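Written out below as structure tokens is the structure these notes cover.
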Amino acid sequence: MSTNRPVVLGGEPILPEGVPLARPTLDVDPGLLATFGDILASGLLTKGRHLDSFERGVAAFLGVEDAVALSSCTSGLILLLRALGLRGEVVLPSFTFIASGHAAAWNGLTPRFADIDPDTFAVAPDRVEEVVGDRTAAVLGVHTFGSPCDAEALAKVAARWDVPLVLDAAPAFGGSYPDGTKVGTRGVAEVFSLSPTKPFTTGEGGIVATNDRALAKELRVLREYGNPGDYDSVAFGLNARMPELSAAVGNHHLPLLPELIARRQVLAGRYLAALSEVDGLGFQRIPDDAVSTYKDFCVTVDAAAFGVDRDTLGRALKAEGIATRDYYNPPLHRQTAYRALPTAVEESLPHTEELSRTALTLPLHSHMPDHVVDGIAESIRRVHAHAAEVGGRA
């Protein structure tokens, strides 16, 4: 067998050990394990000192007045929209993870989709401007793949219509806006995910970051079923607490995050250097001076120029043992649950449709060795070099 041919054509894998799409980078030392032991021995598994210190530490790291830790980003989005008391439509991108739209629907709000910028992959402020109207209750921006969206322009649109700007920052904890401020400081609040696929993880969990202390106080009640402490619920909340063990994981890893984000910049740069000259591949544009967390490193595949389409490349890489994912396909507006909703207007979303057909996410872990990126890039290049034969096998 030849190492110069893709595995689908009888070649040998460049990375025979295989590469998963995502893996958490965790530091396990005796101190953290001892903390786990103390928590378990205490019997105080929730609503303890570790949660308090985690929320204070996150607020200080981001530079915001308050941070509310929850069981997930999804519960954070749901409760935030509930706390804002919204009625009507929420304008958001269709090119996003399921939870962005679900949070609106769970609150009885109607998702109204705006198209994305084809270069940044984030919702385009000018397209939001075309969609907002008298029924708009909020604008929801998304930091796609960990790259900051244009929150400043979205805030201006929201202000013109006197509605709040909410930011789904699920993959972007540790990122920065072009002016150097941390993601987490814009809109009425930004909501992060701390799930295992994120650069900063607590196992599972979420954070609502806000400069509105009253809003944070209300969210803390809502994460307790709407119970302010006397079992006389004041609102329809959820059980959305973050456990003490998760908070302890967050406390331990928060100081390590800048190094992990810096490492992801290096790995993304290595991908770009290795693949930028390959015909038919495109890349997300990160705004000048912004810092993306690169929760995902995504390429776009122009089938005519590359030689095969996105799906064929994904199958060829799977044969190599390299995991990929076609985020976000289908986009929200084509998913079964959303087709059943009473949407206000059938929007034209050409850039969303195009990106959902062509985007392919490649593996990226904060602890990934350089040679793994090099091997993935070489695997892609040899599919391109043998595209006619690979396409014939598809």
Side-chain angles (χ1 to χ4, degrees), residues 1-23 25 95 118-121 144-147 197 199 263-286 292-330 353-394:
M1 290 190 295
S2 170
T3 58
N4 293 323
R5 293 171 65 78
V7 170
V8 293
L9 298 179
E12 298 174 351
I14 295 172
L15 299 166
E17 67 277 16
V19 189
L21 183 67
R23 281 291 182 271
T25 299
F95 191 80
D119 297 321
T120 66
F121 303 170
T144 310
F145 301 146
S147 178
T197 63
R263 176 60 181 161
R264 297 176 85 88
Q265 310 300 310
V266 171
L267 294 170
R270 199 171 186 92
Y271 265 132
L272 288 167
L275 295 173
S276 59
E277 299 302 319
V278 178
D279 291 340
L281 295 185
F283 308 92
Q284 182 184 25
R285 181 179 68 79
I286 310 303
S292 173
T293 63
Y294 283 107
K295 183 269 176 185
D296 296 296
F297 185 87
C298 180
V299 297
T300 60
V301 183
D302 179 336
F306 184 78
V308 298
D309 63 15
R310 182 271 310 278
D311 294 342
T312 303
L313 174 58
R315 288 192 293 269
L317 292 177
K318 182 179 180 180
E320 303 274 349
I322 299 169
T324 63
R325 184 164 295 167
D326 52 343
Y327 281 131
Y328 295 105
N329 182 41
E353 293 283 359
E354 176 68 12
L355 193 56
S356 72
R357 285 193 298 266
T358 61
L360 188 69
T361 297
L362 305 179
L364 182 61
H365 325 148
S366 300
H367 57 283
M368 182 183 287
D370 290 353
H371 82 271
V372 173
V373 170
D374 297 343
I376 294 169
E378 180 57 29
S379 299
I380 292 170
R381 287 197 297 265
R382 68 182 188 176
V383 171
H384 173 59
H386 296 84
E389 293 175 85
V390 172
R393 296 281 183 97

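Note that these values count all heavy atoms, side chains included, but never hydrogens, waters or copies made by symmetry. Everything quoted here is computed from the prediction, not taken from an experiment.
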Polar side-chain atom of S147 near backbone of T144 as donor-acceptor pair, under 3.5 Å: no
Over all atoms of both residues, closest heavy-atom pair of V308 and L313: CG2-N, 4.1 Å
Under a 4.5 Å cut-off applied to non-hydrogen side-chain atoms, are E389 and P6 in contact? no
Supply the atom-to-atom distance D119 CG to Q284 CD, rounded to the nearest 0.5 angstrom. 10.0 Å
Measure the acute angle between the ring planes of Y271 and F297, then classify it against the limits of 30° and 60° as parallel, tilted or perpendicular. parallel
Between H384 and A305 the two heavy atoms that sit nearest each other are CE1-O, 3.8 Å
Can you find a pair of side-chain heavy atoms, one from L355 and one from T300, that are under 4.5 Å apart? yes
Does atom CD (E17) have a neighbourhood of more than 12 heavy atoms from anything else shown, all under 6.0 Å? yes
D279/F306 under side-chain contact (heavy atoms from CB on, under 4.5 Å): CA gap, chis, key distance, verdict: CA-CA 5 Å; D279 291 340; F306 184 78; over 6 Å; no
Does the side chain of E320 reach to within under 4.5 Å of the side chain of L15, using non-hydrogen atoms? no
Kindly give the heavy-atom pair with the smallest separation between V373 and M368, and that separation in Å. CG2-SD, 3.5 Å
Determine whether a donor-acceptor pair (N or O, by modelled atom type, separation under 3.5 Å) exists between the side chain of T361 and the backbone of D296. no
Can D370 and R263 be counted as an ion pair, charged N to O under 4.0 angstrom? yes
Looking at every heavy atom in both Y294 and L364, which two are closest together, and how far apart are they? O-CD2, 3.1 Å
Within-4.5 Å side-chain heavy-atom neighbours: P363 and I322: yes
Search all heavy atoms of A387 against all heavy atoms of G307 and return the closest pair with its distance. CB-CA, 3.6 Å
Parallel, tilted or perpendicular, judged at 30° and 60°: which one describes the rings of Y328 and F145? parallel
Counting C-beta onward and ignoring hydrogens, is there a side-chain heavy-atom pair between K318 and T324 closer than 4.5 Å? no
Atom CD of Q265 and atom OG of S292: how far apart are they, to the nearest 0.5 Å? 6.5 Å
So, H365 side chain and V19 main chain: donor-acceptor pair closer than 3.5 Å or not? no
With rounding to the nearest 0.5 angstrom, report the CD1 to CG distance, I380 to L360. 7.5 Å
Between atom CG of N4 and atom CZ of R382, what is the distance when rounded to the nearest 0.5 Å? 8.0 Å
Would you mind reporting whether R264 and P199 have side-chain heavy atoms less than 4.5 Å apart? yes
Distance, nearest 0.5 Å, that separates CZ of R381 from CG of L281: 10.5 Å
If I take atom CZ from residue F121 and atom SG from residue C298, how far apart are they, to the nearest 0.5 angstrom? 5.0 Å
What I'd like to find out is whether the side chain of V390 reaches to under 4.5 Å of the side chain of L9, using heavy atoms alone. yes
Minimum-distance pair of heavy atoms, taken over all atoms of N329 and R310: ND2-NH2, 3.4 Å
Are any of the side-chain heavy atoms of L362 and L275 separated by less than 4.5 Å? yes
